2 protein chains.
Amino acid sequence: MKKKLLISDIAKQLNISITTVSFILNGKAKEKRISDSLTARVLKLVEEVNYKPNQLAQSLRTGKTKTIGLMVEDISNTFFANIARLIEEKAYKAGYKIIYCSTEDDTAKTRDLISMFRDKHVDGYIITPPPGVEEDIKELIAEGLPVVLLDRTLPGLPTNFVGVDNRMGSYSATEHLIGQGYKKIALVTTESGQSQMLQRLEGYEQAMAHHQLAPKLLKIPFRVTTEDMIPKIMAFLDDLRQRDDLDAVLFATNYLALRGLEAIDKLELRVPADVGVVGFDDHDIFRLYKPSVTAVAQPTEAIADQVINMMLDQLDTDDRKQATTTQTAVLPTSLIVRNSTTRR
Amino acid sequence: MKKKLLISDIAKQLNISITTVSFILNGKAKEKRISDSLTARVLKLVEEVNYKPNQLAQSLRTGKTKTIGLMVEDISNTFFANIARLIEEKAYKAGYKIIYCSTEDDTAKTRDLISMFRDKHVDGYIITPPPGVEEDIKELIAEGLPVVLLDRTLPGLPTNFVGVDNRMGSYSATEHLIGQGYKKIALVTTESGQSQMLQRLEGYEQAMAHHQLAPKLLKIPFRVTTEDMIPKIMAFLDDLRQRDDLDAVLFATNYLALRGLEAIDKLELRVPADVGVVGFDDHDIFRLYKPSVTAVAQPTEAIADQVINMMLDQLDTDDRKQATTTQTAVLPTSLIVRNSTTRR
DNA sequence: CTGAAAGCGCTAACAA
DNA sequence: TTGTTAGCGCTTTCAG
């Protein structure tokens, strides 16, 4: 078990002071006018013996951990998993590590996590907020900590935010269905008051209204388990079907669409002949499924870019309580037309 | 921005020494025979003002971070995502946090990650090792750090390990196919020398040999991109098909099965009539796909349990270089029979 | 250019 | 039972 190297070890070996080594290691050699040759010798030795400063000590001293906390609704959802992967990659390039967690859209859990991140002294917070965490986030901001909200905003809380134009996304999805000759279009969404879900609802309603079509809604409570979702969707669709009032469905999230496809399958409805299907958020399965499923795709790469840029921006602007200006990025979605909405 | 509370603040407020507070907070009140009433008062104040010890300082002092590093091959693969989620949950209950990372089965990246974890001073390592990291892992063990390998072992490296009986898993999957009347059974696997893949190959070969059937293999190089995989699989299957030498395929991982299904689809083969299909590692899609896909399922919950238990075990046994005894858990898989292998 | 020294906040041996 | 105090390893001010 080889002894851990200390900065003092390397100072000693070179017969110079710890200070000098520290300056050089922190890129202040020029600033402190340390000779190039000394600088080179130090760097060389550090390299050779593979000295690594103790990050804990560093962080304790500087108050910076070079770590960003990322809390998404559900890391096992491909949409969030992709965003997380991209953010991590980009953060890494800027010298930051990412710690992730899933909120499961649970207020209590999220507050716990925020508190855990604070304990860990993360330098910045990227959050997909569940309802009810407004106060906690306000507090973070009040303490001058960088915060970027992702995917959804919190009502009455001006914050740095990155998301997509959800209203437009579902509006154009609905328009697309109508363009394909579908008229009896239902929307299956969640009951939550999350901003992005409300916008998706709004877009659908506007498109329907625009064509004088009657909206048909199913709102699934958030806490419903995967298994319970399917019968609920089946009952809803079957009921409409009985009344001959259904020929297409827009699902407001990818997991709703997944459950929805199972429901449709069990009802033995044919897609796209009996019902057209569109999902919000693309998913691998949609490409594979038969028929392949039309989806409103979010630009994950662009989202990740914006998020990390906003974060690094704030991190750079250092202390300065720049909480005054908040940035917002609303990105466009794109409709990926596949076979589930193509009637011939 | 409220001032961060220090242990000295709370000592001062109660007119007692820092030591006393520290002892109480660390559960040493009894041991140090501090009066119950004082203990209660301290705990009460701590609760009231919501004092939280600075973890960085704590860790710097004690050398423990209460953090476990978890490196899986690919966190976006449902198999690993599930395991990770379960491990995190169980670790959390024991007071440990988890930091995850994906190795992407890349040796260099993994070594980087191990080194990053060391920088972060994680207390233990749970690793799905790619080839070529034997030395790094040996070093960890040599330094007395707890290590548990997951999913696959490293040749010539006795370590704590949790995995499944891969040989038996593919053996029984192959037997199942044979039982269903399939005879011209192919195996699509990766080229890697990973222990678990070799075992899956072995099980298949043994079952085929047992029935005097000729094995037919496709080994896909690991670095092949998703897109390139499909044509490779298509070519392989089509070739066998031409020679009338194919009626079933066993895919050695869930992502191979996914690509394989796409390939089979493009070849316009019918499942299970033209070809029977079995995947190794279950996947949500397999339930949803039409027809639903038979799979060899790993007991994720049990795996996570074993992993975390072994880890906590080592963490508890404290310093003691208990590197002498290594534990191994090999769990059974189960075959989930679905429609992709049921010929009528 | 370089060194001494003061902490960052907490734990725990040693005293009292 | 409780207080004093010496660090954990590093950064950074201040003085040469």
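To find a chain, count down the sequence lines: A is the first, B the second, and so on, and within it residues start at 1. On a predicted model such as this, the values are computed, not experimentally measured, just so you know.
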Side chains of residues 79-90 of chain A: which donor-acceptor partners sit under 3.5 Å, not counting sequence neighbours?
from, atom 1, to, atom 2, distance (Å)
A:Asn82, OD1, A:Arg85, NH2, 3.2
A:Asn82, ND2, A:Thr78, O, 3.2
A:Glu88, OE1, A:Tyr100, OH, 2.4
A:Lys90, NZ, A:Glu301, OE2, 3.1
A:Lys90, NZ, A:Asp305, OD1, 3.1

Handout entry: Reading 5' to 3' through nucleotides 8-16 of chain D, protein heavy-atom contacts under 4.0 Å coded B for base, S for sugar-phosphate only, - for none
Key = BBBBBB---
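Salt-bridge check for B:Glu143 with B:Arg118: passed, with a basic side-chain N closer than 4.0 Å to an acidic carboxylate O. Electrostatic pairing of B:Arg152 and B:Asp105 counts as a salt bridge here, judged by a charged N lying under 4.0 Å from a carboxylate O.
In this model, a donor atom of one side chain and an acceptor atom of the other lie less than 3.5 Å apart for A:Thr20 and A:Ser17. Side-chain contact check for A:Ser195 and A:Thr153: at least one donor-acceptor pair (N or O, by modelled atom type) lies under 3.5 Å.
A:Ser59 comes within 4.0 angstrom of nothing in the nucleic acid, heavy atoms only.
Atom pair A:Ile16:CD1 and C:dA4:C1' shows a separation of 15 Å (rounding to whole Å applied). Remark: C1' of C:dC10 and CD1 of B:Ile24 are 15 Å apart, rounded to the nearest angstrom. Distance B:Arg41 CZ to D:dT2 C1': 13 Å, rounded to the nearest Å. Rounded to an integer number of Å, the gap from B:Ile10 CD1 to C:dT11 P is 12 Å.
Between B:Ser17 and D:dG3 there is a side-chain N or O to OP1 or OP2 distance below 4.0 Å.
With a 6.0 Å radius and a threshold of 12 heavy atoms from other residues, nucleotides or ligands, A:Glu47 has its CD atom at or below the threshold.
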